[in-house]
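Each remark here refers to the structure printed beneath this line.
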Number of protein chains: 2
Amino acid sequence: MGELSIPIGKLARSVGCKVQTIRYYEQIGLLPPPIRTAGAQRRYGEGDQQKLSFIRHARELGFPLPAVRELLALSDEADSDCAKADGIARRQLEAVNRRIAMLSSLRSELERMLRHRHGHRIRECRVIATLADHALCSQDHHAELAES
Amino acid sequence: MGELSIPIGKLARSVGCKVQTIRYYEQIGLLPPPIRTAGAQRRYGEGDQQKLSFIRHARELGFPLPAVRELLALSDEADSDCAKADGIARRQLEAVNRRIAMLSSLRSELERMLRHRHGHRIRECRVIATLADHALCSQDHHAELAES
DNA sequence: CCTAAAACCTATAGTGACTGGAGCTTCAAG
DNA sequence: CTTGAAGCTCCAGTCACTATAGGTTTTAGG
């Protein structure tokens with residue numbers, strides 16, 4: 001069935017990224033070097049396709065490459081170093097939850113705007129205030145403005 | 001009360017970013033040029049603080065600067081050009097929903113890993129497969145691999 | 001008032017994560 | 001066996017910051 005051995009361009013199209021991006025990921029060791037044809041062209045398999053698709057989605061969600069690297073490591077580490085995988089999963093889960101919380105409040109605000117717009121005009125737009133709120137975020141820069 | 005007029009360093013600390021980042025945002029026109037002291041140092045008010053906080057959170061959520069610019073425009077445009085604001089809000093809402101969907105499935109997978117780990121060892125890690133799934137994403141690169 | 005450290009200024013260069021282009025080679029359809 | 005699309009390497013450019021150099025302003029202490 002699906003052991004494809006597709007060239008780089010097809011792989012790029014299948015995940016919606018540029019050819020050079022794939023070569024770049026290989027260069028920085030995020031993707032393993034694929035097999036090559038006699039003429040030194042890259043040929044990819046099913047696994048590569050999945051991995052790359054994962055990387056692209058994670059990047060679109062705003063995870064930095066180090067976090068992506070960690071998440072990728074989860075599947076390699078899973079059945080070797082359980083404790084390590086557990087720690088990574090736990091940490092990334094917290095990050096994911098924070099993102100969801102922020103996006104949820106932004107969503108509510110956008111929905112509110114679209115609902116209230118039917119009246120006639122929006123009196124006040126609270127989109128900025130919604131996401132400006134520090135209550136949901138990780139950093140400890142709350143109340144930094146207090147002293148002096 | 002709170003019409004602060006704080007220097008750039010304090011503003012940076014209050015939102016958890018670098019001083020240069022603020023100057024950069026001013027340079028590219030994302031933040032308005034603030035008032036200056038006699039000695040040409042920047043002094044910021046409450047509104048700037050909110051706006052910057054919003055920008056930082058939006059960026060952490062992975063919105064590119066053009067999208068951030070659009071979201072910022074929502075509040076300016078809100079009571080002037082209603083139709084335009086509506087369109088922006090609708091488009092951004094879709095983007096937000098897609099992000100939430102992807103993050104939710106990633107969360108389920110991470111949670112599943114943490115639950116099942118208690119047995120003894122994780123047999124298979126599906127984190128990558130979860131986020132590799134194209135069903136939830138916007139682009140039309142589904143089934144690109146079909147022909148030939 | 002005066003000074004000295006901390007924070008500010010501009011300008012420029014460097015980094016991370018790509019993206020594009022030049023110039024050449026390989027692959028595959030006819 | 002040709003020929004045009006797609007691949008290759010290498011290098012330069014972009015976006016969104018981040019760091020450094022070299023100088024000025026603020027502000028707290030004496």
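Chain letters run A, B, ... following the sequence lines, proteins first, then strands; residues in each count from 1.
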*What string of B, S and - do you get for nucleotides 8-21 of chain C 5' to 3' if you count protein non-hydrogen atoms under 4.0 Å?*
SSB------BBBB-
*Of all residues at least two apart in sequence or in a different chain, which pass the side chain to side chain contact (heavy atoms under 4.5 Å, CB included) check with P66(B)?*
P64(B)
_Set of side-chain hydrogen bond (donor to acceptor under 3.5 Å, both in side chains) partners for R59(B), sequence neighbours left out_ = none
Considering only nitrogen or oxygen atoms on both sides, find all protein atoms under 3.5 Å from nucleotides 12-14 of chain D and state each distance.
none

*List in chain and number order the residues that pass side chain to side chain contact (heavy atoms under 4.5 Å, CB included) with Q92(B), two or more places apart in sequence or in another chain; answer none if no residue qualifies.*
L110(A), F63(B), A67(B), E70(B), L71(B), I88(B), A95(B)
_My understanding is that only residues two or more places apart in sequence, or in another chain, count here; which of them pass side-chain hydrogen bond (donor to acceptor under 3.5 Å, both in side chains) with R43(A)?_
Q41(A)
*Any residue meeting side chain to side chain contact (heavy atoms under 4.5 Å, CB included) with I28(A), in chain and number order, not counting sequence neighbours*: Y24(A), Y25(A), L30(A), L65(A), R69(A)
_By salt bridge (Lys or Arg N to Asp or Glu O under 4.0 Å) - contacts of R42(B) (at least two apart)_ = E26(B)
*Any side-chain heavy-atom pair of R112(B) and R126(B) under 4.5 Å*: yes
_According to side chain to side chain contact (heavy atoms under 4.5 Å, CB included), who are the partners of Q27(B), at least two apart in sequence or on a separate chain?_
none
_Could you go through I22(B) and C17(B), starting from their C-alpha distance and side-chain angles, then the distance that decides it, and tell me whether this counts as side chain to side chain contact (heavy atoms under 4.5 Å, CB included)?_
CA-CA 8 Å; I22(B) 300 173; C17(B) 78; 3.8 Å; yes
_Which residues pass the side-chain hydrogen bond (donor to acceptor under 3.5 Å, both in side chains) test with E94(B), not counting sequence neighbours?_
none
Please enumerate all protein N or O atoms sitting under 3.5 Å from an N or O of nucleotides 22-24 of chain C, with distances to 0.1 Å.
none

